[in-house]
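Quick notes on the structure that follows.
The figures here come from the full heavy-atom set of this structure, side chains too, leaving out hydrogens, waters and symmetry mates.
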Amino acid sequence: MAQLPWRYSTDGISVALRVTPRGGRDDIDGIETLSDGRSVVKVRVRAIADGGAANRAVTELLAKALAVPKGRVKILSGATSRLKQVAIEGDPRQLGETLRQLTAFNAKD
């Protein structure tokens, strides 16, 4: 079984992303396993990677998809990279379940 690309904490979840700027649409494309074996959530945004526009688009997309205020989504690392770590504050169980549905990830517990 592939490893989940998100980790639970007491105040939310931390998600590993691979972002495609200028991707034609704002969308969550599922889960991908990188060459080093890590799992990431694939995200694409229309915005270009210039002046933080793609990062803003990513946080807005995740906030909308997970039904949380934009201020609850923060980029922890990878601000200038396609690979990012993002923290989302909220109910960890609910956020994880929503991500599971959005990525069509069917893990067996």
Side-chain angles (χ1 to χ4, degrees):
M1 174 178 83
Q3 181 179 346
L4 286 172
W6 55 86
R7 292 189 317 264
Y8 296 90
S9 70
T10 53
D11 29 333
I13 58 174
S14 172
V15 185
L17 303 177
R18 184 180 62 78
V19 177
T20 303
R22 291 191 306 171
R25 67 185 192 281
D26 295 342
D27 205 0
I28 296 173
D29 287 340
I31 294 176
E32 174 181 39
T33 302
L34 302 176
S35 60
D36 64 6
R38 290 183 297 158
S39 294
V40 293
V41 175
K42 296 187 301 180
V43 174
R44 68 176 60 225
V45 293
R46 287 188 292 261
I48 62 171
D50 185 38
N55 287 339
R56 280 191 300 278
V58 167
T59 57
E60 289 172 8
L61 170 65
L62 290 173
K64 183 176 180 183
L66 297 170
V68 298
K70 287 185 244 181
R72 295 223 173 153
V73 181
K74 303 213 180 329
I75 295 179
L76 297 176
S77 64
T80 59
S81 169
R82 285 178 179 244
L83 295 176
K84 302 182 185 307
Q85 195 72 32
V86 177
I88 304 160
E89 294 176 17
D91 176 6
R93 259 194 336 258
Q94 183 178 355
L95 292 170
E97 183 55 35
T98 303
L99 265 177
R100 201 180 286 269
Q101 292 169 4
L102 290 170
T103 58
F105 189 85
N106 296 314
K108 302 219 185 331
D109 294 322

Donor-acceptor contacts under 3.5 Å from residues 86-93 side chains, at least two apart:
{"from": "Asp91", "atom 1": "OD1", "to": "Arg93", "atom 2": "N", "distance (Å)": "3.2"}

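- In this structure, CZ in Arg25 is found 10.0 Å from CZ in Arg46, a value given to the nearest 0.5 Å.
- Lys84 places a side-chain N or O within donor-acceptor distance of the main-chain N or O of Gly78, the cut-off being under 3.5 Å.
- Under the 4.5 Å side-chain heavy-atom criterion for ILVMFWY residues, a single connected hydrophobic cluster contains both Tyr8 and Leu102.
- Between Ala54 and Pro21 the shortest heavy-atom distance is CB-CB, 4.2 Å.
- Val40 and Val58 are not part of a single hydrophobic cluster, where members link through side-chain heavy atoms under 4.5 Å apart.
- Remark: Ile31 CD1 to Lys42 NZ distance equals 10.0 Å, nearest 0.5 Å.
- Hydrophobic clustering, with ILVMFWY side chains joined whenever heavy atoms are under 4.5 angstrom apart, keeps Val15 apart from Leu34.
- A 4.5 Å side-chain heavy-atom check between Pro5 and Arg38 finds every atom pair outside the cut-off.
- Expressed to the nearest 0.5 Å, how far CG of Leu95 lies from CG of Leu66 amounts to 5.5 Å.
- A distance of 12.5 Å separates CZ of Arg18 from OG of Ser39, quoted to the nearest 0.5 Å.
- Formation of a donor-acceptor pair under 3.5 Å by the Asp27 side chain with backbone atoms of Asp29 is not found in this model.
- Distance CH2/Trp6 to CG/Leu99: 5.0 Å, rounded to 0.5 Å.
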Applying side chain to side chain contact (heavy atoms under 4.5 Å, CB included) to Arg56 and Val45, what does each step give before you reach the verdict? CA-CA 10 Å; Arg56 280 191 300 278; Val45 293; over 6 Å; no

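- Distance alone, capped at 3.5 Å, places no donor-acceptor pair between the Ser14 side chain and the Arg7 backbone.
- At least one donor-acceptor pair under 3.5 Å links the side chain of Asn55 to the backbone N or O of Ala79.
- The 12-atom threshold is not exceeded at CD of Gln94, counting heavy atoms of other residues, nucleotides or ligands nearer than 6.0 Å.
- Here the CD1 atom belonging to Ile75 is positioned 8.5 Å from the CG atom belonging to Leu62, to the nearest 0.5 angstrom.
- Using a 4.5 Å heavy-atom cutoff, the side chains of Thr59 and Lys74 are not in contact.
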